[in-house]
Amino acid sequence: MPFTLDQPAHHELVIKKSRFIACVEPMADRAAAVARVAELRAAHPGANHVCWALMAGGQSAANDDGEPGGTAGRPMLDVLRHQDLEGVMASVVRYFGGVKLGAGGLVRAYTDAVAQALLHAEKTPLQKRIEWRCEVPYALEGRFRRELDLAGASLLDAGHGDGVVLHFSVLASASDALRLRLDEAGQGKLRWLED
């Protein structure tokens, strides 16, 4: 089962006078990751490198930011993959201390920095959610909203026209039971909509 993080976690290593400031944090997609890297660059203008890795489904990425190819981003991504994380970004801000570490030393430093940050991170199971849309008469809107609340569903949108169109997401594990309850509560007036 994949995991994600609820909160960022940090760790700092000093190896041969170089500072490696690691952060692991929840991240939805590549655009958000790129924006976060820009924030880190602004917060650390004297840093030599801001390397990062993102595990986010089809948007996963790794960036060495000027370090020798394959010595930073890819090893960090491997740590995230090995920990079965999804929707998580690892970043390491490096201040060069004047002593070269070599390719192997860099791989170890970036890997260790991220692994140590993950030791301080609270991992939570990533639970699959299903999205649905249905249309109900106005008279049943309140009842449907209560059913959604009871099932722990998240109402994403509600549109009002001839009827009320509810767009919601629910944990996959609770989806079958919710659908049965909604069908019952709909009294034959519920219409499921396809996207």
Short side-chain to backbone donor-acceptor contact, [X] and [Y], under 3.5 Å:
X: Asp64; Y: Glu67; result: no
X: Arg30; Y: Ser60; result: yes
X: Thr4; Y: Glu86; result: yes
X: Glu135; Y: Val165; result: no
X: Asp157; Y: His167; result: no
X: Thr111; Y: Arg108; result: no

Got a sec: does the [atom1] of [X] have more than 12 other heavy atoms crowding it under 6.0 Å?
X: Glu184; atom1: CD; result: no
X: Gln7; atom1: CD; result: no
X: Arg181; atom1: CZ; result: yes
X: Asp6; atom1: CG; result: yes

Write down the atom of [X], the atom of [Y], and the distance for their closest heavy-atom approach.
X: Cys134; Y: Leu190; value: CB-CD1, 3.4 Å
X: Ala22; Y: Ala113; value: CB-O, 3.4 Å
X: Cys51; Y: Ala72; value: SG-CB, 3.6 Å
X: Gly97; Y: Ser18; value: N-OG, 2.9 Å
X: Ala117; Y: Ala9; value: O-CB, 3.4 Å
X: Leu178; Y: Ala153; value: CD2-CB, 4.3 Å

Are the side chains of [X] and [Y] in touch, meaning some heavy atoms are under 4.5 Å apart?
X: Arg81; Y: Met76; result: no
X: Val170; Y: Glu131; result: no
X: Ser169; Y: Leu156; result: yes
X: Leu182; Y: Leu148; result: yes
X: Asp183; Y: Arg179; result: yes
X: Leu5; Y: Thr124; result: no
X: Val88; Y: Pro26; result: no
X: Arg94; Y: Arg19; result: no

Co-membership, hydrophobic cluster, residues [X] and [Y], 4.5 Å side-chain:
X: Val50; Y: Val114; answer: no
X: Tyr138; Y: Leu166; answer: yes
X: Phe96; Y: Val14; answer: no
X: Trp192; Y: Leu155; answer: yes
X: Leu80; Y: Leu13; answer: yes

Distance, nearest 0.5 Å, that separates [atom1] of [X] from [atom2] of [Y]:
X: Phe3; Y: Asp84; atom1: CZ; atom2: CG; answer: 7.0 Å
X: Phe168; Y: Arg133; atom1: CZ; atom2: CZ; answer: 11.0 Å
X: Lys123; Y: Gln83; atom1: NZ; atom2: CD; answer: 3.5 Å
X: Tyr110; Y: Leu101; atom1: OH; atom2: CG; answer: 9.0 Å
X: Leu140; Y: Arg146; atom1: CG; atom2: CZ; answer: 10.0 Å
X: Lys128; Y: Ser175; atom1: NZ; atom2: OG; answer: 9.0 Å

Could you walk me through whether Asp65 and Arg41 pass salt bridge (charged side-chain N to carboxylate O under 4.0 Å, His left out), step by step? CA-CA 11 Å; Asp65 190 36; Arg41 286 188 202 291; 3.1 Å; yes

Could you give me the CA-CA distance, side-chain angles and deciding distance for His10 and Glu25, then say whether side chain to side chain contact (heavy atoms under 4.5 Å, CB included) is met? CA-CA 9 Å; His10 303 85; Glu25 58 193 307; over 6 Å; no

Kindly determine whether His120 and His11 satisfy ring-ring contact (aromatic ring centres under 6.0 Å, His included), including the steps that lead there. CA-CA 8 Å; His120 305 289; His11 188 75; 5.6 Å; yes

Geometric cation-pi criterion, Arg36 with Trp52: 6.0 Å, 45°: no

Less than 3.5 Å apart, any donor N or O on the side chain of Arg129 or Ser154 sitting next to an acceptor on the other? yes

Is it the case that the side chains of Tyr95 and His44 hold a donor-acceptor pair, with the cut-off being a distance below 3.5 Å and no angle test?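 Present: a donor and an acceptor within the cut-off.
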
Side chain to side chain contact (heavy atoms under 4.5 Å, CB included) for Met27 and Met55? Distances and angles first, verdict last. CA-CA 8 Å; Met27 195 66 54; Met55 279 298 295; over 6 Å; no

For a side chain to side chain contact (heavy atoms under 4.5 Å, CB included) check, start with the C-alpha distance between Leu54 and Leu77, then their side-chain angles and the critical distance, and finish with the verdict. CA-CA 7 Å; Leu54 172 70; Leu77 187 64; 5.8 Å; no

Test side chain to side chain contact (heavy atoms under 4.5 Å, CB included) applied to Ile21 and Val92, step by step: CA-CA 5 Å; Ile21 305 166; Val92 177; 5.9 Å; no

